[in-house]
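Nothing here was measured: the structure is a model prediction, and the numbers come from that model. Labels below follow one simple rule: chain letters A, B, ... track the order of the sequence lines, proteins then strands, and each chain is numbered from 1.
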Amino acid sequence: MDQLLRVMVRVVIALTLCFVALPSLVVIVTAFNDKAILMFPPTGFSLRWFERAITYDDFRRGLMNGFIITAWASSLALVCGTLGAVVIERYRFAGRRWLEAILLSPLVIPHFTLGIAMLILASAMHVERTYSLVVLCHVILVLPFVMRSVYVSLKNIDPALGRAAASLGATPLQCFLRIDLPLLAPGLAGGWLFAAILSFNEFTATLFVTGQRTQTLPVAMYTYVREYADPTMAALSALLIAATVLFLLAANRWLGLARILSIEAGR
Amino acid sequence: MDQLLRVMVRVVIALTLCFVALPSLVVIVTAFNDKAILMFPPTGFSLRWFERAITYDDFRRGLMNGFIITAWASSLALVCGTLGAVVIERYRFAGRRWLEAILLSPLVIPHFTLGIAMLILASAMHVERTYSLVVLCHVILVLPFVMRSVYVSLKNIDPALGRAAASLGATPLQCFLRIDLPLLAPGLAGGWLFAAILSFNEFTATLFVTGQRTQTLPVAMYTYVREYADPTMAALSALLIAATVLFLLAANRWLGLARILSIEAGR
Amino acid sequence: MTQTTESFSVSVANVRKAYGTTTALDDVSLTVQAGEFLTLLGPSGCGKTTLLNLIAGFVQPDQGSICIDGESVNELPPYRRSIGMVFQHYALFPHMSVADNVGFGLKMHQVPKSEIAVRVKAALEMVRLGQLGERRPRELSGGQQQRIALARALVINPKVVLLDEPFSAIDKNLRAEMQVELKQIQQRLGITTIFVTHDQSEALSLSDRIAVMSNGQIEQLSAPADLYRHPASSFVASFIGDINRFPCVIKARTETTCTVAMADTLLTLPITHPALSIGAAALLFIRPEELTLVPSHSDAANLGTGQVDTHVYQGTHVDVYVRFADARVLRVRHPGWQATSLFALGQAVGVQANLQQAFIFPAR
Amino acid sequence: MTQTTESFSVSVANVRKAYGTTTALDDVSLTVQAGEFLTLLGPSGCGKTTLLNLIAGFVQPDQGSICIDGESVNELPPYRRSIGMVFQHYALFPHMSVADNVGFGLKMHQVPKSEIAVRVKAALEMVRLGQLGERRPRELSGGQQQRIALARALVINPKVVLLDEPFSAIDKNLRAEMQVELKQIQQRLGITTIFVTHDQSEALSLSDRIAVMSNGQIEQLSAPADLYRHPASSFVASFIGDINRFPCVIKARTETTCTVAMADTLLTLPITHPALSIGAAALLFIRPEELTLVPSHSDAANLGTGQVDTHVYQGTHVDVYVRFADARVLRVRHPGWQATSLFALGQAVGVQANLQQAFIFPAR
């Protein structure tokens, strides 16, 4: 009985692993096809789709836009999310639960709705589809993830440390700068990183708020895919996957994967 | 100095709250406009867009599809995610960190890439754009969130409980069924719920893997928005937001919001 | 008012504090003399930590005033109160070296760098850890960490040092050593010290005076030997030291003595509480070391005769539990180790009490 | 082999266990007699918990065999070993009522429902909590929870009950009471018991025999009074009870006595360890209660004269710390409370030792 269960558990886990890993593998393999068609398995070997992915103008512009938007959005979200997490974790006040619920709400509001809302807002305020609009939209989307990361890090700071610092003459500001901030740093870095990855990959809401000039890489990819069916898309995806893996491996050494993906469960 | 800081903190938090809450409010208000245009602020009051949202055929079919896909995807992800979390948390083996990394990878792989990969896979295996394809895709996407929720719940179970049960004569299977499972139940329910909300709202990958017959609500909405610019979209979004809020309020009473959104930080 | 408070290092007057509907402190007043080692002792939830946090400034009183060195500090935040504080779990800053931890308070007080180095070195040598300045806190043992925390609190020359159960997380075998070290440092520096603990033996060994607290009030404030030898209430008698407790009834009383009936025995003993009237129910307390085992039915057996129930060996002595016919169990302390063989389990023995050292309080 | 092990309730033979490069147990052998209360005592990391987990089956030995009631259990999983186990933090199932917790083991052993109810009731009454069956564990105090955990472990009539520091999370003032209760239940049921603790006073008071462990090995296995009065090594002497320790040098020896030089004093005392050769460095141990304070420069002051350094009051006695000219500090136990006034701080006093009760071991 127990033996049977053990085997079943292994089978389910193996299947799950396959299905989770398969799509990425398929995309990577497909990218090396020599024919101008998205097909698996490939019929020949070629690197030309990689060349096209790297040299295609819209992708280059999308990548640059993505970096700009991601950098701003993650950094702003980090500031707002840290403040929110500190206020919610450290102070007890009426409406604390409401504040928390509102800050976390982008987790459950469809990105779709957010995109449309931003579009309506922009037109109401006669704002162009500028970078700020996209950045604002992304800040809202990644805020909950940053908050979670900071929140977990905050929970792991012994409240007695703040009291110790105060008894030694540190004002609340000195205490925050010299005690809390250095101890939060890994959590902040992890939160920023995760937010950056999410922001860089965001498509749904971005589709509504970007124009030709401000479009990010995923939007450029979507536009491309509607015109061409060649493996350039796959090649670009493979490059992105490789970059993400390298990036995370590097970050993992400094921060730990669990911290980046905010899955650590307290102390 | 400290006083100034306090004021600044309040201003930043107030601004953040505004920007996070604003889009939802704008969408809801816009939905009541009487003109056939997405405009804020509205110029008159009407409920006709709500009527249209409820009666429009594609939306009805999308809703039904969404329910079917969401129910299957969340439930399958719950089983796989629970097994994955239990194996990673309870057993120490070579490749444990790799297993964890692969199961969590959908957090950082663009949904876009996943959608394309599923499309390539489906055509390679000559599979139609059926429900199973969409379900599979969603299982992969929500798996990390379920795993995180279960993982946190598992961490909160005192390992001594399992030993106590064993010393009292419980086999590993009895121990799992009578001790672990009842104690995991709230975490499982929270994980399922969060997965369901994410799956229901997913757009990017779904866009690639659904056909006319299997399209979910977000895809139907996208199709609609490309044809019409009237407030029906806003009305539908408002209805979805209302439903989500009611749903979460109800679940909050039983499970706690922190548990549903997996932001609790251990004990 | 100022005149009376000026002579004290710390004075707490009529302080009240409630959390919601729970009263944490109920009209507590207390004065601590300069250089005194005062302990707040009580079970968890008695209000001792709340009182400490009020003095430190981490908690605001609902009512009442707190003075340090004769000045009211009610309006001062913790970082202006000139206190040194030591916490249960050390609360060392994990991202700083030991030397930076100890120097943190001096830095906050804008002491010049060169002076900081000198004073940190002296403080570390005071706690006999002069060579550990470059280490990180997590590399040290619990006892070492707490000594660093003590050095950090003392190096800023605070007006008063507050210690919140500082030894409760430290291995029991190291605790006695740490206690002696703390007491010697405190005596050498002559610094006013307020110490919170729930461990009565720790309180007895360290303090000049002990405030025994219960339910947000101070039950008794006395020197350790007074507390042990003349408890003011049945709570204090039960909480301090090992003790036997029996219900009894007052049968007769004079100015200084009273006669009580306990089961079928009549005992005459000194009065230890004013509110004892004839016929009232009372509680009789007597310590195990004031009891002696005698042959059964001996005339000396003024508490009666029972059976040996259990031996509890403790190295320096054996506690013999004697069970009476009416199910009362008495704990009798017998020095050395021979009691286990002298008084076998089940054997009938008489119990003789030194009634001059018994306490009697009204039953509440 | 079977013959020798059959007469013991639990027997552990030549067990080794390593975690990576750390040796947790190094060739440990141990036999526990039926009905015996045996304690594994040692500092954290000494291997005592590993040994308990090996007997329970939660950990597999690298080498060696474990028998329960004469049968090897090496190949049996924990749920087939017929053990009852009590954990430090109670480990009650939080989603079950107290009665369901206690009945869980019976259910797992397929006992009929009606019998479960009867046996659960009896077990709860044994720990004097008969009325709490319907409560949830979290509604109970720590002491009550641990009594429930004990009832749960005992109700299945295990061959041996294993207790892993069961009282260390319990309030100190309740601990003594719980210890007496455990000992009485154990004696009444006559059940073989293995108890793990790092608290030597708990070990002394409860055990029939104590195995003192250090670095994965058993240093001494003796009855409590033997351990206290005849320690076999300097580790045991330091770990059990309060004790003074001094380096000294062996100057002369006979069959039964030796003469040692400590600072400028010569002392003659009984030999307590075979490996003591003339000229070797040694450690002299003597308990505070074997020392007496005498007038300074009295002939009786066989340990010399020093100054009173600190008093540590403990209710039943005062420990007086005497500092000698060579910085040695001696702890002298004086019964009662008068020592604080009899021997003022700074006063010169002589120290007399009862050398018949001193221990001497080679310095390692």
> Checking heavy atoms, do the side chain of A:Met221, its backbone, both or neither come under 4.5 Å from chain B?
Replying inline: both
>> Report which part of A:Ile28 has an atom under 4.5 Å of a heavy atom belonging to chain B: side chain, backbone, both, or neither.
In response: neither
> Side chain, backbone, both or neither: which part of A:Phe208 has an atom under 4.5 Å from a heavy atom of chain B?
Replying inline: side chain
>> Given heavy-atom pairs under 4.5 angstrom as the criterion, report whether the side chain, backbone, both or neither of A:Leu198 touches chain B.
In response: side chain
> Is there a side-chain contact between B:Phe19 and A:Leu136 (heavy atoms, below 4.5 Å)?
Replying inline: yes
> Roughly how far, to the nearest 0.5 Å, is CD1 of B:Ile13 from CD1 of A:Ile88?
Replying inline: 7.5 Å
> Does a side-chain heavy-atom distance below 4.5 Å link B:Leu103 with A:Thr16?
Replying inline: yes
> Which word best sums up how the rings of A:Phe112 and B:Phe203 line up, parallel for under 30°, tilted for 30 to 60°, or perpendicular for over 60°?
Replying inline: perpendicular
> Looking at OG of A:Ser123 and CD1 of B:Ile37, how far apart are the two atoms once the value is rounded to the nearest 0.5 Å?
Replying inline: 7.5 Å
> Side chain, backbone, both or neither: which part of A:Thr244 has a non-hydrogen atom closer than 4.5 Å to chain B?
Replying inline: side chain
> Between atom CG of B:Leu114 and atom OG of A:Ser24, what is the distance when rounded to the nearest 0.5 Å?
Replying inline: 7.5 Å
> CG of A:Leu107 to CD1 of B:Ile197: how many Å apart, nearest 0.5 Å?
Replying inline: 9.5 Å
> Side chain, backbone, both or neither: which part of A:Leu119 has a non-hydrogen atom closer than 4.5 Å to chain B?
Replying inline: neither
> Considering only heavy atoms, which portion of A:Val139 lies under 4.5 Å from any heavy atom of chain B: side chain, backbone, both, or neither?
Replying inline: neither
>> Any non-hydrogen side-chain atom of B:Val108 less than 4.5 Å from a side-chain atom of A:Leu248?
In response: yes
>> For chain A, which candidate among B:Pro110, B:Cys137, B:Ser237, B:Pro218 shows the most heavy-atom pairs at distances under 4.5 Å?
In response: B:Pro110
> Measuring heavy-atom distances to chain B, does A:Ile109 have an atom under 4.5 Å in its side chain, in its backbone, in both, or in neither?
Replying inline: both
> So which part of B:Val245 gets closer than 4.5 Å to some heavy atom of chain A, the side chain, the backbone, both or neither?
Replying inline: neither
> Can you tell which of B:Leu141, B:Ile241, B:Leu17, B:Leu15 has the highest number of heavy-atom pairs within less than 4.5 Å of chain A?
Replying inline: B:Leu17
>> Just so I know, are the side chains of B:Arg148 and A:Arg148 near enough to count as touching, which here means a heavy-atom distance under 4.5 Å?
In response: yes
> Do A:Pro23 and B:Thr113 come within less than 4.5 Å of each other through their side chains, counting heavy atoms only?
Replying inline: no
> Where on A:Thr204 is there a heavy atom nearer than 4.5 Å to chain B: the side chain, the backbone, both, or neither?
Replying inline: both
>> Taking side chain as everything from C-beta outward and backbone as N, CA, C, O, which of these in A:Val87 sits under 4.5 Å from a heavy atom of chain B? Side chain, backbone, both or neither.
In response: side chain
>> Given heavy-atom pairs under 4.5 angstrom as the criterion, report whether the side chain, backbone, both or neither of B:Thr30 touches chain A.
In response: side chain
> Rounded to the nearest 0.5 Å, what separation is found between the CG atom of B:Leu83 and the CZ atom of A:Arg10?
Replying inline: 12.5 Å
> So which of A:Leu240, A:Val12, A:Val20 has the largest heavy-atom pair count under 4.5 angstrom toward chain B?
Replying inline: A:Val20
> Quick one: are B:Tyr222 and A:Leu207 in side-chain contact, heavy atoms under 4.5 Å?
Replying inline: yes
> Any idea which heavy atoms bring A:Ala117 and B:Val26 closest together, and the distance?
Replying inline: O-CG1, 4.2 Å
> Can you say whether A:Ile102 sits under 4.5 Å from chain B via the side chain, the backbone, both, or neither, judging by heavy atoms?
Replying inline: both
